[in-house]
Number of protein chains: 4
Amino acid sequence: MGKVDENKKRKKEALFNTAYELFTTKGINSTAISDIVERAGVAKGTFYLYFKDKYDIKNKLVVHKTRELFDAAGNALNEAGISCLEEQMIFIINHVIDTLVENKPLLNFISKNLVMGALRSTLLTGENNDNDIYEKFLELIEKDKYDYADVNVMLFTIVELAGSAGYNSILYSEPLPIEAYKPFLYRSVRLIIKSHRSGTE
Amino acid sequence: MGKVDENKKRKKEALFNTAYELFTTKGINSTAISDIVERAGVAKGTFYLYFKDKYDIKNKLVVHKTRELFDAAGNALNEAGISCLEEQMIFIINHVIDTLVENKPLLNFISKNLVMGALRSTLLTGENNDNDIYEKFLELIEKDKYDYADVNVMLFTIVELAGSAGYNSILYSEPLPIEAYKPFLYRSVRLIIKSHRSGTE
Amino acid sequence: MGKVDENKKRKKEALFNTAYELFTTKGINSTAISDIVERAGVAKGTFYLYFKDKYDIKNKLVVHKTRELFDAAGNALNEAGISCLEEQMIFIINHVIDTLVENKPLLNFISKNLVMGALRSTLLTGENNDNDIYEKFLELIEKDKYDYADVNVMLFTIVELAGSAGYNSILYSEPLPIEAYKPFLYRSVRLIIKSHRSGTE
Amino acid sequence: MGKVDENKKRKKEALFNTAYELFTTKGINSTAISDIVERAGVAKGTFYLYFKDKYDIKNKLVVHKTRELFDAAGNALNEAGISCLEEQMIFIINHVIDTLVENKPLLNFISKNLVMGALRSTLLTGENNDNDIYEKFLELIEKDKYDYADVNVMLFTIVELAGSAGYNSILYSEPLPIEAYKPFLYRSVRLIIKSHRSGTE
DNA sequence: GATGAATGAGCATTCATTCAT
DNA sequence: CATGAATGAATGCTCATTCAT
């Protein structure tokens, strides 16, 4: 990479990181582009060289952060050596929840955009396609000793439940703190998984 | 009510209705207070006589609309004469879903604010407390032939799942159109309910 | 007029006058709305209370100034007591030219917009309709001892010629200073008038 | 011409043509230099190698396009073999009008700049001086069987009248469509020419 | 209570121009 | 010669809020 390209990358990343920082601390609505560029140490016009507007950079950030989150969970799963689908799903959910418990600004930031539909397109689009968590999900399901029907529906239901309930439990300890709620959540997840086993209905 | 008071109420309601109309068509961010007062036919200053700012009227609208939605479902349940808790819960969820399918702007409007935590405070606060859906839920659970443990957790889980999954299914037909997804959703709801029966775990 | 209305009028007129001053000295493109409001001593938002944007105020100024110019010419004609159409037309043109010779910024300002089509609509639209110069023209033509054919064409041709040639002669003394060019211009105007007399063609 | 020089010329012409295209479609004010270079396929800095700014390229375009317009008229006149000045002038005016009727963007573009003063300097400055239309005018006048006084004034008056009246008639059909207005215009032109014949006044 | 004129801080966006490569 | 990333001044416009009437 030439000197110029390096410089470009550095500026773009400075904007990216600064925007994330400000969005999570001040909120998106209260963050002006002037704030971002000022703190990132670039000129105002430079922002528009790389992003269309505030919502463009926001969307790109959501995709990026979500991908990071699930990639980490996927990698941890690989090292954990768990073979049963139920335990694998719980492991991933648990890993994501634990990460978000430690990083509530991130939870706040991506939660409003983390729904299964967006998730799938988010995780499928992008650079390192060999590490796609959605593909990984399908693979895990494939390899399990049981057969599953309506796989998409199953994943969707689990993600919506875990995302929505997890969000409130982590942020507001409502109806229980997340650690106390986890057993209930995982019990429901297991029930949903089991209900999708072929010949179970 | 005196003539003056009537006039006051009329103005306040005009603002209320106009705000709802504009929020659902233009979006909250793109709706200016000028838009509301202009369309409502009152002066700008009058707005501040009744509401603190745009978000004040928004919150009051969410509470109001959510209450209407669940009150209708509760009333319909009363007339339906269903005695089993499982069927009662499904009936209510189904009634709400069907209403929102017919009224997507309303879905859009309340969805971003309809989470169990908000729901409870929403439904418990307000004018006609004898008709509270949350109290009704507790009552229905009480009357069922089974006993239930961790009732709050159960309601929370169901509302989060139905709210989050229903929202996407209705608006984006994702992963299935709502009518096709309903059987899966209701199966999960039933499993969650059953898992809360005392001595079931 | 109440105190409030007086105030409104004063602000609007301050903007109007300041805009004219700046447009004629700095040019329209180089005049920012900030310049106008600052000099007029009102807040920026106030500008948008009365005008849509810079071009709105410009158009309204052109109409206003053009009307003033022709009204003055018409009034002078009334007092001059000239009965022959040829002399009346020359009188008006001459009066306008002489005014603009003394007020080149005004010439510059309205010239780019002074075409017969605009002129007619300009002069016909507005407040004091009884003094419309276009109507007056038609009246003068009507009263003349000769009959005229294609009156609209005649007026158009004269206005275009006098406007376009006058503009250059006054501003650039090109091909002659206006006083030297006048005899040629008026000779042409007379020829055009005569050529429109019925039965002359 | 060397390969490098050819390349230079190609870039300059690309900028020239693209600028004309954009000026006539989007308007000069709304055309940014970025637009021009982007569409022309050259780098931004390259623009400044050949032109000082937007108004520099605009002026050069006006000169270029006006010259083309009158050269074509002059060439057509040569082939038409008309000997009388009156008819020659009408021929040229008519040729220019007909061209502009077919090419209204061009009319729009040059009209705001086409006044006799500019015309003369335009037509006299430039590359192929032997074909200058202004010189040609003088030559035609010289050769006519009549003698003419105040030749500059005559040409000026005719150009201003035809330019100004033609512009409105073509673009706005005001006060008549150009074809209907032509007889009136040409009658006036003839009268102006005749009035300049020596010993006529 | 009701009005609506006035405010002015605040913000997104554009764009001509420069200059290191 | 050519490039195009970077700049940052400039500016139009919005809008919540106030307050005299």
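A note on names: the letters A, B, ... follow the listed sequences, proteins ahead of strands, and every chain is numbered from 1. No experiment lies behind these values; they were computed from the predicted model shown.
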- Tell me, please, which residues at least two apart from A:Lys8 pass side-chain hydrogen bond (donor to acceptor under 3.5 Å, both in side chains). none
- Partners of C:Asn7 by side-chain hydrogen bond (donor to acceptor under 3.5 Å, both in side chains), sequence neighbours excluded? C:Arg10
Using atom [atom1] of [X] as one end and atom [atom2] of [N] as the other, report the distance to the nearest whole Å.
X	N	atom1	atom2	result
C:Asp5	E:dG4	CG	P	12 Å
A:Asn7	E:dT21	CG	P	9 Å
C:Ile33	F:dT14	CD1	C1'	13 Å
A:Glu6	F:dA5	CD	P	16 Å
D:Lys9	F:dA2	NZ	P	15 Å
A:Arg10	F:dA5	CZ	P	15 Å
A:Asp56	E:dT13	CG	P	11 Å
C:Glu38	F:dG12	CD	P	13 Å

Counterpart residues, side chain to side chain contact (heavy atoms under 4.5 Å, CB included), relative to [X] (two or more places apart):
X	answer
B:Lys52	B:Asp56
A:Glu68	A:His64, A:Lys65
B:Lys104	B:Ile170, B:Leu171

- Pull out every residue in residues 44-55 of chain C that has a heavy atom closer than 4.0 Å to any atom of DNA chain E, ordered by number, or say none. C:Lys44, C:Gly45, C:Thr46, C:Leu49, C:Tyr50
Anything under 3.5 Å between a donor and an acceptor, one on a side chain of residues 41-48 of chain C, the other on a protein residue two or more places apart or in another chain? List them.
| unit_1 | atom_1 | unit_2 | atom_2 | d |
| --- | --- | --- | --- | --- |
| C:Thr46 | OG1 | C:Ala43 | O | 3.4 |

Show the atom names and distances, to 0.1 Å, of all donor-acceptor pairs under 3.5 Å that link a side chain in residues 31-39 of chain C to residues at least two apart or in another chain.
| unit_1 | atom_1 | unit_2 | atom_2 | d |
| --- | --- | --- | --- | --- |
| C:Thr31 | OG1 | C:Leu22 | O | 3.4 |
| C:Thr31 | OG1 | C:Gly27 | O | 2.6 |
| C:Asp35 | OD2 | C:Lys26 | NZ | 3.0 |
| C:Asp35 | OD2 | C:Ala32 | N | 2.9 |
| C:Arg39 | NH2 | C:Glu21 | OE2 | 2.7 |

- The nucleotide from E:dT3, F:dT3, F:dA16 with an atom nearest the side chain of B:Lys11 is E:dT3
- A:Tyr20/A:Phe109 aromatic ring centres below 6.0 Å: yes
- Message: Suppose we screen for salt bridge (Lys or Arg N to Asp or Glu O under 4.0 Å). Which residues come up paired with A:Asp53, at least two apart in sequence or across chains?
- Response: none
- Item | Residue met sooner reading DNA chain F from 5', once C:Val4 and A:Val42 are mapped to nucleotides | A:Val42
- Do the rings of C:Tyr167 and C:Tyr172 sit parallel, tilted or perpendicular, given the 30° and 60° boundaries? perpendicular
- Task: Please tell me which of C:Ala43 and A:Ala32 maps to the more 5' nucleotide of DNA chain E, matching each residue to the nucleotide holding its nearest heavy atom.
- Result: C:Ala43
- When Watson-Crick pairs (N1 to N3 and N6-O4 or O6-N4) and G-U wobble pairs (N1-O2 and O6-N3) count only below 3.5 Å on both distances, what is the dot-bracket string of DNA chain E, with | for other-strand pairs? .||||||||||||||||||||
- Sorted by number, the residues of residues 12-31 of chain D with heavy-atom contact under 4.0 Å to DNA chain F: none
- With sequence neighbours left out, write down each residue that passes ring-ring contact (aromatic ring centres under 6.0 Å, His included) with B:Phe23, or none if nothing qualifies. none
